[in-house]
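Input: a single structure, listed below in structure tokens.
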Amino acid sequence: MTAIVNGFATILLFALIDPQISALTDDVVDGSVTEATFRRAMIWVSLSRLVGTLAAQVLLVPAAVVIAWAAGWL
């Protein structure tokens, strides 16, 4: 089940976050976005990952129960 959960998280990361960061990086290189805006965006991405990690810790036990149920069902 670890592979399924980590695989799903990796797919979401590459589908939702990486394209936005890549586009923003290209915009900074082109000069249409300032470096300050880029830095601010990276700070928000870092903070959101921290909040996500803390939320994952809170949801650890309930998610473990769901995963155990799913493993028993499969």
Side-chain angles (χ1 to χ4, degrees):
M1 294 301 296
T2 299
I4 293 171
V5 172
N6 285 333
F8 184 69
T10 301
I11 290 169
L12 285 177
L13 175 69
F14 286 118
L16 301 176
I17 303 301
D18 279 353
Q20 299 297 326
I21 293 174
S22 297
L24 185 59
T25 302
D26 289 341
D27 290 343
V28 170
V29 170
D30 291 340
S32 59
V33 174
T34 65
E35 289 183 34
T37 301
F38 181 76
R39 284 191 196 104
R40 192 175 313 117
M42 291 303 101
I43 289 170
W44 280 110
V45 167
S46 299
L47 288 175
S48 68
R49 292 184 86 177
L50 175 64
V51 170
T53 300
L54 296 175
Q57 295 300 312
V58 170
L59 297 173
L60 180 66
V61 173
V65 170
V66 170
I67 291 170
W69 173 82
W73 186 69
L74 294 174

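Atom CZ of F8 and atom CG of L13 lie 12.0 Å apart (nearest 0.5 Å). Remark: T34 OG1 to D27 CG distance equals 11.0 Å, nearest 0.5 Å. Rounding to the nearest 0.5 Å places CZ of R40 at 10.5 Å from CG of L24. Annotation: the span from F38 atom CZ to T25 atom OG1 amounts to 4.0 Å, rounded to 0.5 Å. To the nearest 0.5 Å, atom CD1 of residue I4 and atom CD1 of residue I67 are 9.0 Å apart. Remark: I17 CD1 to S22 OG distance equals 11.0 Å, nearest 0.5 Å.
Residues forming a side-chain hydrogen bond (donor to acceptor under 3.5 Å, both in side chains) with S48 (at least two apart in sequence, or on another chain): none. The salt bridge (charged side-chain N to carboxylate O under 4.0 Å, His left out) search around R39 returns E35, not counting sequence neighbours.
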Give the C-alpha distance, both sets of side-chain angles, the deciding distance and a yes or no for side-chain contact (heavy atoms from CB on, under 4.5 Å) between I43 and L47.
CA-CA 6 Å; I43 289 170; L47 288 175; 4.0 Å; yes

